[in-house]
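To keep things clear, I will list the structure first and then write my remarks on it.
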Amino acid sequence: MEDEHNQAQNVPAKLLKPYDPAETEGRIYKLWEESGFFNPDVCIQKGVTKNDAESFSIVLPPPNVTGRLHLGHALEHSLQDAVVRFKRMQGYKTLWIPGTDHAAIATQARFEKNLTKETGKSRHDFSRNDFFNMVNEFGLINQKDMQTQMRLFGSSLDWSREAFTLDANRSLAVRTAFKQMYDEGLIYKGHKVINWDPKGQTTVSDDELVYVERDATLYTFKYSANFPISISTTRPETKVGDTAVAVNPNDERYKQYIGQEFDAVFCNVPIHIKIIADYSVEAEFGTGALGVTPAHSQIDAEIAMRHELPSVQVINEYAKIMVGDENLIGKKTSEAREIVAQWLRDNNLMEKEEKIKQNVSTSERTEAIIEPLPKMQWFINVNKQIPSHKNKTLKELMLEAVEKDGVKIIPDRFDKTYRHWINNLRDWCISRQIIYGHQIPVWYKGDELYCGINPPAGEPEGDGWTQDTDTLDTWFSSGLWTFSTLGWPNNTDDFKNYHPTTLINPGYEILPPWVARMILMSKYLLNEVPFKTVYLHGIVRDSKGIKFSKSLKNGIEPEEIIKDCGTDALRMSMVVGIGPGNDTNFDIQKVKAYSKFANKLWNITRFILSSTTQTNTLDLSQKPNLPDTESNILDEFEAILIDITTDIENYRLYIASEKLYHYVWHNFADIIIEESKDILKNGSTDEKNNRSWLLMYILTRSIQALHPFMPFITEELWSFLPKTNKEQDNLLIITPWPITAGKQ
RNA sequence: GAACGAUUAGCUCAGUUGGUAGAGCGUCCCCUUGACGUGGGGAAGGUCACAGGUUCGAAUCCUGUAUCGUUCACCA
């Protein structure tokens with residue numbers, strides 16, 4: 001039987017069995033890593049990339065070291081690696097930097113939750129230093145795990161440049177940025193109403209709030225019998241801190257009272273109320289009068305600022321009342337609410353109680369109800385005119401990036417989201433009362449304040465200095481990511497070669513907190529944009545369209561999928577048909593379909609190697625004089641390659657990958673190969689040779705074109721192809737993209 | 001309250017610039033034992049949410065409506 005297959009020696013034994021990704025992928029990744037080709041310096045050294053080639057750089061959105069990578073990360077890696085491999089093959093000086101994010105509050109919160117569950121202890125049972133180290137260790141375990149996962153995804157990351165937002169180099173970048181902003185007055189310390197998380201005992205920024213709808217009661221009442229105006233509130237317990245009642249200046253009902261001041265005893269607490277006029281008050285809502293509590297509401301604080309009202313703090317960090325008699329003092333806000341309401345009823349001051357739906361802000365991490373409190377904190381001023389930037393504000397610099405500097409957001413509808421966020425931006429509270437993170441690089445000694453950079457931690461010379469105990473919002477360090485990873489503040493070659501980066505590829509949900517912050521930092525510190533294109537991907541949901549989450553336990557481990565179907569199949573399923581900014585419901589059927597495709601490609605190769613002529617000596621660069629039939633097939637194929645190339649260059653990977661899939665299976669295999677069987681069997685020698693060359697050519701180029709999407713199987717098949725010229729002698733990862741000629 | 005998105009075959013979703021619809025899975029029939037049973041051929045199945053409009057022509061552009069979803073804001 002064997003003797004009938006006179007070309008069987010062309011077929012490696014491995015190819016005779018179905019494709020086995022599990023056996024292949026790990027080995028191939030190791031091969032790549034050892035080759036050094038993930039590192040652009042090595043590519044230049046070995047003559048793969050020209051020294052003066054244009055660079056293509058991209059930093060990985062650093063995953064939080066709170067846990068492991070999930071399918072959303074698989075999507076992100078599939079997209080980025082496809083583009084990176086494509087650009088590398090096109091001859092760009094291609095750099096993709098890996099890294100992870102310490103994620104400050106998220107990591108500390110998760111660690112502390114585990115700690116309490118397992119040992120009953122909390123952070124207060126440890127020294128600051130010990131606790132920091134424990135959280136960090138927890139993070140580093142996850143970090144290591146994620147590095148393994150990234151390799152499993154096949155990502156061609158330059159591991160020699162790996163970064164962590166909390167490592168020494170990044171810490172230097174953080175201190176440098178902080179000092180520069182501090183010295184120019186952009187970072188300031190101020191006593192303002194901030195979002196306080198009573199459970200986490202820290203401030204949180206506006207972006208870390210989650211609004212939850214709840215039932216609430218809207219109470220309408222007067223402070224005292226002789227007070228002329230009724231007010232409404234859902235939080236009567238805060239009203240012991242009121243210092244004014246605000247009405248709309250055009251409201252005829254109340255005009256006569258504007259400017260008057262009243263004393264009252266509210267729930268046994270003496271208060272002094274001034275009646276003021278402010279346009280922010282809507283006459284139509286409630287009674288048209290707003291009780292102003294400057295210490296416990298952002299909006300009221302703004303009104304109070306405009307009218308120079310005193311501010312009285314009545315709620316403390318533990319969300320307990322800190323004024324009043326024994327009935328009130330020390331009570332939790334929820335208890336105090338009912339006590340005050342009852343007092344109002346008892347004193348015939350309550351006019352109305354209605355049930356309403358209300359959105360209450362909670363902490364993203366601890367789920368605690370946020371208490372607005374006045375506190376001394378560090379802020380970044382987004383409205384200050386910056387002398388070193390032609391008196392533009394940070395907000396203006398951020399808008400400039402998309403309006404003038406050409407930062408392109410894909411899909412473009414998110415451009416609006418970006419602008420809207422910036423236009424509503426308030427000063428960014430950057431200090432946190434947690435331990436895990438970058439400690440504020442500021443030291444105090446008496447009235448002296450020192451802000452420093454120098455390693456190891458920036459501390460000043462001499463004795464008696466104590467460092468500010470707060471740490472920075474995690475987004476402060478991630479805002480520096482595109483350049484802190486390239487060696488900034490040192491003027492390194494990497495920084496010169498690769499910044500601004502070409503592309504960034506995060507999920508759309510972090511457009512405001514991350515993408516916008518990177519633009520802020522880069523525009524201010526470097527006077528340039530951090531990246532040229534922002535490709536936003538969507539969310540991977542479960543098959544029912546529900547978001548994966550740890551609490552719902554509906555997560556699917558990427559490893560399971562990879563074990564069953566292979567990474568290439570998973571990657572294809574994450575790319576084909578999923579447009580930018582679109583969510584996708586994960587469906588294992590889709591992955592299975594592409595694992596079939598992998599096998600199909602495997603068998604196409606087997607067939608061509610075993611059925612064509614002279615495969616050992618076939619030189620692709622020696623194109624025979626093809627008859628029309630073959631010539632047309634070739635033209636059609638090249639046209640598709642050009643098409644696909646254009647699609648990828650415009651980041652339409654979801655279309656390019658599908659076209660490739662469709663061509664290879666339903667044109668190449670189903671039509672071209674099928675009709676070749678007869679030719680290869682019954683044709684003349686010339687016919688056989690021409691057809692053989694054509695099949696081998698399309699196969700070879702298809703494998704190259706598929707490589708960005710299915711890197712493992714294509715690299716493996718590449719090794720089986722005849723080695724008849726220099727190009728084919730190399731690893732597939734560094735072969736030139738098949739249609740460089742097609743760019744014409 | 002506002003912005004944005006979605007609404008296409010039984011299910012999950014593509015459809016890049018307007019030229020009367022495609023994929024995967026599922027269903028049914030047939031074929032394939034010399035690439036692949038993870039294969040091949042074929043079939044059924046869609047008034048492209050609805051109503052108007054622009055156009056020679058619209059799933060694709062415009063207006064409005066409905067339902068679902070996301071995000072932002074928030075009424076004190």
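Just so it is clear: chains get the letters A, B, ... in the order the sequence lines come, proteins before strands, and each one is counted from 1.
Which of B:C13, B:U38, B:A76 sits closest to the side chain of A:N585 comes down to B:C13. Among B:C72, B:A35, B:C74, the nucleotide with an atom closest to any side-chain atom of A:I604 is B:A35. Taking every side-chain heavy atom of A:W665 into account, B:G39 is the closest of B:G39, B:C4, B:A76. Counting only heavy atoms from C-beta on, A:K596 has its side chain closest to B:U38 among B:G41, B:U38, B:A76. Nearest to the side-chain atoms of A:Q589 among the listed nucleotides B:C25, B:C36, B:U16 stands B:C25. In the set B:U70, B:G5, B:C25, the nucleotide with an atom closest to the side chain of A:R413 is B:G5.
Checking A:D568 against A:Y594 by side-chain atom types alone, no donor-acceptor pair falls below 3.5 Å. Using modelled atom types, one finds no donor on one side chain facing an acceptor on the other under 3.5 Å when comparing A:D207 with A:W475. Using a 3.5 Å distance cut-off with no hydrogens or angles, the side chains of A:H296 and A:D300 do not pair a donor with an acceptor. Side-chain contact check for A:T220 and A:S232: at least one donor-acceptor pair (N or O, by modelled atom type) lies under 3.5 Å.
Here A:K677 does not reach the OP1 or OP2 of B:U32: none of its side-chain N or O atoms lies under 4.0 Å away. In terms of phosphate contacts, A:K416 brings a side-chain nitrogen or oxygen within less than 4.0 Å of OP1 or OP2 of B:C4.
The residues A:K592 and A:D587 are annotated as not salt-bridged, no charged nitrogen and carboxylate oxygen being separated by less than 4.0 angstrom. By the 4.0 Å N-to-carboxylate-O rule, A:R419 lies close enough to A:D415 to be salt-bridged with it. For A:K355 and A:D215, the salt-bridge test fails: no basic side-chain N is under 4.0 Å from an acidic carboxylate O. Ion pairing of A:R235 with A:E371 is present here, as a side-chain N (NZ or NE/NH1/NH2) and a carboxylate O approach within less than 4.0 Å.
Summarising the geometry, the separation between CD1 on A:I673 and P on B:G39 is reported as 15 Å, rounded to the nearest angstrom. Atom NZ in A:K17 sits about 16 Å away from atom C1' in B:C36, given to the nearest Å. A:D278 places its CG atom 17 Å from the P atom of B:A76, with the value rounded to the nearest Å. Distance CD1 (A:I608) to C1' (B:C36): 13 Å, rounded to an integer number of Å. Rounded to a whole Å, the CE atom of A:M572 is 19 Å from the P atom of B:C13. Taking atom CG of residue A:D670 and atom C1' of nucleotide B:G42, one finds them 13 Å apart after rounding to whole Å. B:A23 atom C1' lies 18 Å from atom NZ of A:K592, rounded to whole Å. The nearest whole Å value for the distance from the CZ atom in A:R426 to the P atom in B:C74 is 6 Å.
When Watson-Crick and G-U wobble pairs are counted only if both distances are under 3.5 Å, B:U27 pairs with B:A43. The pairing partner recorded for B:A59 is none, the criterion being a Watson-Crick or G-U wobble arrangement whose two distances lie under 3.5 angstrom. Across every strand in view, B:A3 sits in a pair with B:U70 that passes the Watson-Crick or G-U test at under 3.5 angstrom. In this structure, B:A35 forms no base pair with any nucleotide, since neither Watson-Crick nor G-U wobble geometry is met with both distances under 3.5 Å. Using N1 to N3 plus N6-O4 or O6-N4 for Watson-Crick, or N1-O2 and O6-N3 for G-U wobble, each under 3.5 Å, B:C13 pairs with B:G22.
The separation of B:A2 from B:G45, taken at their C1' atoms, amounts to 41 Å, rounded to a whole angstrom. A gap of 13 Å separates the P atoms of B:G22 and B:A59, to the nearest Å. Here the separation of B:U27 from B:C11, taken at their P atoms, is 15 Å to the nearest Å. Rounded to the nearest Å, the gap between the C1' atom of B:C61 and that of B:U16 is 16 Å. For the P atoms, the distance linking B:C4 with B:U63 amounts to 10 Å, nearest Å. When the C1' atom is used for both B:A3 and B:A73, the distance is 10 Å, rounded to whole Å. For B:G15 and B:A9, the C1' atoms lie 14 Å apart once the distance is rounded to whole Å.
Residue contacts for A:S595: at a heavy-atom cut-off of 4.0 Å it reaches a base atom on one of the strands shown. Counting non-hydrogen atoms under 4.0 angstrom, A:R606 reaches the backbone sugars and phosphates but no base. Backbone-only engagement by A:Y654 is indicated by non-hydrogen atom pairs under 4.0 Å involving sugar-phosphate atoms exclusively. A:Y594 comes within 4.0 angstrom of no nucleic acid atom, judged by non-hydrogen atoms across all strands. Heavy atoms of A:N599 sit under 4.0 angstrom from at least one base atom. Looking at heavy-atom distances under 4.0 Å, A:I299 makes contact with sugar-phosphate atoms alone, never a base. Residue A:H666 is in sugar-phosphate contact alone, with no base atom involved, counting any heavy-atom pair closer than 4.0 Å across all strands shown. Residue A:E282 is in base contact, counting any heavy-atom pair closer than 4.0 Å across all strands shown. Across all strands, A:D647 comes closer than 4.0 Å to base atoms (heavy-atom distances). Within the 4.0 angstrom heavy-atom criterion, only backbone atoms of the sugar-phosphate kind lie near A:N582; the bases stay farther away. A:A669 comes within 4.0 angstrom of a nucleotide base, judged by non-hydrogen atoms across all strands.
Between the side chain of A:Q358 and the base of B:A76 there is no donor-acceptor pair of N/O atoms closer than 3.5 Å. In this model, a side-chain donor or acceptor of A:N359 finds a partner on the base of B:C74 within 3.5 Å. Applying the 3.5 Å distance criterion, the base of B:C36 shares a donor-acceptor pair with the side chain of A:K600.
Between A:R541 and A:F607, the residue anchored nearer the 5' end of RNA chain B, judged by the nucleotide with its closest heavy atom, is A:F607. Where A:R652 and A:I356 meet RNA chain B, the nucleotide closest to each residue was compared, and A:R652 sits on the side nearer the 5' end.
Remark: aromatic rings of A:F637 and A:F668 are distant, center separation not under 6.0 Å.
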